[in-house]
Amino acid sequence: MNQLAEEPSKLYFIESYGCQMNVNDSEIVAAILEELGYQSTKEEKEASLILLNTCSIRDKAEQTIRYRLKDFQKIKRKNKSLKVGILGCMAERLKTQLFEEEKLVDLVVGPDSYRALPSLLQELGLGQKAVNTLLSREETYGDIAPVRLNSNGVTAFVSIMRGCDNMCAFCVVPFTRGRERSRSHVSILQEVKDIVQKGYKEVTLLGQNVDSYRYSEDPTLKGKNLIDAKFDPRVINFSKLLEMVAQVSPDLRVRFSTSHPKDMTDDVLEVMSRYHNICKFIHLPVQSGSDTCLERMNRSYDSAIYMNRIDAIKRYMPNCALSSDFIAGFCGETEQEHQATLDLIKKVRYDMSFMFYYSERPGTIAARRYKDDVPLEVKKRRLSEIIALQNQIALEINQTQIGQEQVVLIEFVSKRSKDVYIARNDYNKKVAVPKKNYQVGDYVLVKITDATTMTLIAEDIRKLEHLSDIK
Ligand code: SAH
Ligand code: SF4
Ligand code: F3S
């Protein structure tokens with residue numbers, strides 16, 4: 001290690017922003033860099049290569065990156081040979097414009113171009129700036145084994161697809177991530193088996209719209225529609241993939257994100273209900289409760305279709321936990337439309353939600369077609385109403401769990417107390433558990449004794465050797 005520290009050209013520092021897919025992409029980048037002889041460092045000051053894997057989803061996300069870049073200015077003044085690279089969605093959106101706007105940036109690499117890193121780094125070595133933002137229709141990095149950075153050794157994310165073919169009016173993702181493509185189920189299963197062997201206890205399958213996962217070795221079948229895919233053994237759809245992943249090990253918990261209301265089929269719910277190790281939790285973003293707003297958002301469903309999916313979930317799994325994303329103050333949103341969102345929240349009663357106010361993104365359908373006409377203070381007020389209602393419901397739901405016995409997976413030591421572990425239950429809720437002699441990665445049967453909006457508090461009952469000890 002010391003020897004490497006003396007060889008500054010081989011230490012990289014990488015930081016991820018945005019969604020879990022970016023976290024997973026950084027692990028792929030790490031694998032590519034380590035193949036080149038680089039080693040990771042957690043100290044930005046000692047790195048010779050600093051990489052920020054960026055997000056463009058809202059303007060604030062991009063501002064965060066611009067502030068972060070300022071921190072590196074000082075380091076670069078001291079260490080002239082330091083190279084700074086922007087990866088991910090902001091790289092894809094702004095391309096070479098980034099070189100003009102942020103003088104210290106040397107390298108710009110879009111999400112489908114990480115295989116070009118070796119040659120791009122060579123260009124940097126010659127004192128040039130380097131850029132590659134080509135999007136691909138095929139790239140899934142399926143053959144690259146991610147290097148698990150900052151991992152707790154217990155929970156892992158596995159990308160099953162890339163890109164997005166939906167065109168939600170507000171969203172920049174189709175522009176920054178390109179067309180949707182599914183990764184081979186063979187390579188997904190290989191990766192899942194590998195993490196089980198390494199002792200991981202939980203996997204989350206990732207995609208912008210996992211329900212449209214479709215893979216076939218026969219390229220002519222790749223575009224097969226979802227209904228046909230279900231009956232064609234040559235095509236793997238999401239329900240088949242989910243079942244195969246659940247069968248890898250009965251002691252591996254399986255989660256997935258994100259489900260799309262227009263594509264989530266009953267066969268996925270049916271598979272979930274049959275496997276004790278598929279967590280009973282679905283993130284099903286609705287964005288708005290108003291049909292007219294949903295139409296402007298180009299979400300391809302209305303509130304009736306959405307409620308039909310919620311009813312189906314409850315039919316298959318009465319206790320399934322639910323979460324959503326909301327955008328307050330989208331273009332043209334009226335008080336009535338906002339009220340419809342509050343009404344829907346009351347009807348569904350989500351366990352938790354991610355809530356944002358609308359941020360216009362250049363180039364999107366909404367930016368081209370509609371005026372961003374809801375004043376900022378109105379956006380903020382509506383958002384705070386959504387948050388207050390959601391928090392109240394989350395607390396009520398959490399309080400109903402007091403007294404329940406639940407199985408939790410221990411993830412890490414609490415930041416507030418070294419005698420407490422933070423674990424997670426099936427419903428994706430954080431549970432505070434006494435540390436005692438338990439270990440990170442243990443399944444523990446607990447009894448819930450108290451609840452807040454975000455966390456459950458529990459007393460331990462006993463360690464479980466197998467997840468299936470209690471069904
Ligand atoms: N693929 C997922 C969403 C990924 S982006 C889906 O379709 O549900 C995560 C969330 O960011 C979105 O669900 C949306 O609520 C929010 N979001 C996306 N674009 C936004 C924008 N321009 N302004 C505010 N929030 C936005
Ligand atoms: Fe964006 Fe819509 Fe695709 Fe989600 S489904 S990533 S919101 S375009
Ligand atoms: Fe952000 Fe890109 Fe993910 S825009 S949310 S990092 S796909």
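Both counts, for ligands and for their atoms, begin at 1 and track the order of listing.
In terms of protein heavy atoms, atom 7 (S) of ligand 2 is closest to Arg299 NH1, 3.6 Å. What sits closest to atom 3 (Fe) of ligand 2 on the protein, heavy atoms only, is Cys164 SG, 2.3 Å. Shortest contact from atom 2 (Fe) of ligand 2 to any protein heavy atom: Cys168 SG, 2.3 Å. Atom 6 (S) of ligand 2 has as its closest protein heavy atom Gln208 OE1, 3.5 Å. Nearest non-hydrogen protein atom to atom 5 (S) of ligand 2 is Asn166 ND2, 3.4 Å.
Under a 4.0 Å N-O distance rule, the pair Glu92/Arg177 does not qualify as a salt bridge. Between Glu62 and Arg361, at least one side-chain N (NZ, or NE/NH1/NH2) sits under 4.0 Å from a carboxylate O, which counts as a salt bridge. Between Lys240 and Asp232 no salt bridge is recorded (no basic side-chain N to carboxylate O distance below 4.0 Å). A salt bridge does not link Glu100 to Lys129: none of the charged nitrogens lies less than 4.0 Å from a carboxylate oxygen. Between Arg68 and Asp71, at least one side-chain nitrogen of the basic residue sits less than 4.0 Å from a carboxylate oxygen of the acidic one, meeting the salt-bridge criterion. Salt bridge Glu411/Arg424: present, at least one basic N to carboxylate O contact under 4.0 Å.
The six-membered or imidazole ring of His185 lies away from that of Tyr213, with a centre-to-centre distance of 6.0 Å or more.
Under a 4.0 angstrom heavy-atom cut-off, Met90 registers as lying outside contact with ligand 3.
A donor and an acceptor atom, one from each side chain of Asp351 and Asn428, are nowhere located under 3.5 Å apart.
Within the protein, the N, O or S atoms sitting under 2.8 Å from atom 1 (Fe) of ligand 3 are Cys55 SG.
Which parts of ligand 3 touch Gln208 is read off a 4.0 Å heavy-atom cut-off, strictly below it: atoms 7 (S).
Cys171 lies apart from atom 3 (Fe) of ligand 2 in this respect, since none of its N, O or S atoms is found at a distance under 2.8 Å.
If you look at ligand 1, the protein residues with a non-hydrogen atom under 4.0 Å away are Ile57, Arg58, Phe170, Gln208, Thr258, Pro285, Gln287, Arg299, Asp325, Ile327, Phe356, Tyr357, Tyr358, Ser359, Arg361.
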